[in-house]
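Every heavy atom of this structure was used, including side-chain atoms; hydrogens, water molecules and symmetry mates were not.
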Amino acid sequence: MSKLKAALGWWLLLAAGITFPLLARNDYHLTVMSTAYIFAIATLGLNIITGYTGQFNLAHAGFMAIGAYTLGILTVDHQWPFWWAFLAAGVVTVAIGYPLGRVSLRLRGHYFSIFTLCVGTILFMLIEKWEDLTHGTAGLIGIPSPGPIGPLSFETPLSLYYLVLAFLVLGVWVKRRIVNSLLGRTFVAIRNGDDLAEALGVDLMRNKLTAFLLSVLYAGWAGALYAGFVRFLGPDLAGAAHTFDMTMFMLIGGLGTLLGPLLGALLVPWTTQYLQFLQEYRFLIFGPILVVLVIFMPHGIVGTWLGWRARQAADADQAKERTRA
């Protein structure tokens, strides 16, 4: 019954996503939601390495920028077809992430986070200063929109919305399969304790590196989608602010949950849209809100709700036992 309810909930979310354009007042709302979906995909990846494996990666926006710039450079400067460049964006992001992951994952805790923060800063500076490759602060202009797939073309905001939604659904489905597999349980064992997991025979480096590469693959392809959606890129995409935004999405929604990052990635941007007149004071607003959530709901919205359900189920089981006694 619980699996049936969970499946029904996911189908309702999918139905809401499909019917959203019917409720959107204009193309601007479609654009806001599509952008939120793209960052939700990237946040799903960050949640694999941070929420499930317990390694706080502060270079995630840098890897998203690698995917975006790979697609932009290949399509603008070398005239590659969009979808071949899209595949290459994932390959290049993983290829760059592999050696960085091998080095950084030898560190633990705050040392890993500080190291990845430095990596993110270096990636930002490379994108900003390497003008011959990335066009520097002038940015990449004229990135083509996603090419047609058979009879389907993606030239309008509505078609782009459904394309991004399809990738989000695919990303959630793949992540759900990973989380519910033996690999996902291994990630959780590492998060709960490196030494204990190693004592049980878990290969820490191999599994941490797997989680890291899955995370950057999500980031790279999210970045490639972002490039094809906005059709312009600047170095700011690699800035630490985007990583902290995605971290905020996870904390609000719920670290280490499947629905939490998705909820946070949709809730925060729309709240920001309706508070645009306070845009200059954005961090003054979300900062105290985040502190309150961490104090009173440390597991996020979804994590708190799952904990409440677990307590309710435990109380019901205890009541049944007392009745039988």
Side-chain angles (χ1 to χ4, degrees), residues 34-49 57 59-101 116 119-120 122-124 126-128 130 132-136 139-149 152 154 159-161 163-175 178 209-239 242-243 246 265:
S34 299
T35 306
Y37 287 165
I38 291 172
F39 277 93
I41 295 171
T43 308
L44 289 174
L46 182 58
N47 196 38
I48 293 175
I49 185 67
N57 177 20
H60 200 67
F63 290 107
M64 186 176 177
I66 289 173
Y69 270 88
T70 299
L71 183 136
I73 292 168
L74 291 177
T75 54
V76 173
D77 294 341
H78 301 283
Q79 289 74 52
W80 276 40
F82 181 90
W83 292 113
W84 283 110
F86 180 82
L87 293 175
V91 173
V92 170
T93 306
V94 171
I96 294 175
Y98 180 79
L100 292 175
T116 54
V119 169
I122 292 171
L123 291 174
F124 171 79
L126 282 173
I127 291 172
E128 185 181 41
W130 198 351
D132 293 339
L133 180 65
T134 65
H135 299 220
L140 275 168
I141 304 172
I143 300 171
S145 60
I149 301 177
L152 301 176
F154 306 102
S159 59
L160 284 172
Y161 169 85
L163 175 67
V164 174
L165 176 62
F167 273 101
L168 177 61
V169 171
L170 177 62
V172 171
W173 180 78
V174 170
K175 185 181 174 184
I178 293 171
L209 186 59
T210 300
F212 188 82
L213 294 180
L214 286 171
S215 173
V216 302
L217 180 62
Y218 269 80
W221 274 338
L225 275 178
Y226 181 82
F229 183 76
V230 301
R231 306 181 68 177
F232 167 80
L233 289 175
D236 288 345
L237 180 61
H242 285 300
T243 298
M246 289 183 274

Mind running side-chain contact (heavy atoms from CB on, under 4.5 Å) on Val174 and Leu170 for me, showing each step along the way?
CA-CA 6 Å; Val174 170; Leu170 177 62; 4.1 Å; yes
CG (Leu133) and CD1 (Ile127) are apart, to the nearest 0.5 Å, by 9.0 Å
Atom CG in Asn47, atom NE2 in His60: separation rounded to 0.5 Å?
9.5 Å
Of all heavy-atom pairs linking Leu213 and Gly97, the shortest is CD2-C, 3.9 Å
Tyr98/Phe212 aromatic ring centres below 6.0 Å
no
Checking ring-ring contact (aromatic ring centres under 6.0 Å, His included) between Phe86 and each of Trp80, Phe154, Phe167, which is the one that passes?
Phe167
Is any side-chain heavy atom of Phe63 less than 4.5 Å from a side-chain heavy atom of Leu217?
no
Over all heavy atoms of both residues, which pair between His242 and Leu237 is shortest? Give the atoms and the distance, please.
CD2-O, 3.4 Å
Dump the intermediate steps for side-chain contact (heavy atoms from CB on, under 4.5 Å) on Leu46 and Ile49, then the final yes or no.
CA-CA 6 Å; Leu46 182 58; Ile49 185 67; 4.2 Å; yes
If you take all heavy atoms of Met64 and Ile38, which pair is closest and at what distance?
CE-CG2, 4.1 Å
Apply side-chain contact (heavy atoms from CB on, under 4.5 Å) to Val119 and Leu123, showing your working.
CA-CA 6 Å; Val119 169; Leu123 291 174; 4.1 Å; yes
Here the gap from Leu44 atom CG to Tyr218 atom OH, rounded to the nearest 0.5 Å, amounts to 6.0 Å
Nearest heavy-atom neighbours spanning Ala61 and Gly239
CB-O, 3.4 Å
Testing the basics here: between Leu160 and Pro146, what is the closest heavy-atom pair and its distance to 0.1 Å?
CD2-CD, 3.7 Å
Please examine the side chains of Val164 and Leu168, heavy atoms only from C-beta on, and report whether any two atoms are closer than 4.5 Å.
no
Atom CG in Asp77, atom CG in Leu140: separation rounded to 0.5 Å?
6.5 Å
Using only atom types and a distance under 3.5 Å, with no angle test, would you say the side chain of Ser215 pairs donor to acceptor with the backbone of Gly45?
yes
Which atom pair, heavy atoms only, marks the closest approach of Ala42 to Met246?
CB-SD, 3.5 Å
To the closest 0.5 Å, what do you measure between OG1 (Thr43) and CD1 (Ile48)?
11.5 Å
Under a 4.5 Å cut-off applied to non-hydrogen side-chain atoms, are Leu74 and Trp84 in contact?
no
Thr134 vs Pro235 side-chain heavy atoms within contact, under 4.5 Å
no
Go through Trp221 and Thr93 one step at a time and tell me if the side-chain contact (heavy atoms from CB on, under 4.5 Å) criterion holds.
CA-CA 9 Å; Trp221 274 338; Thr93 306; over 6 Å; no
With rounding to the nearest 0.5 Å, note down the distance linking CG in Leu71 to CD1 in Ile143.
7.0 Å
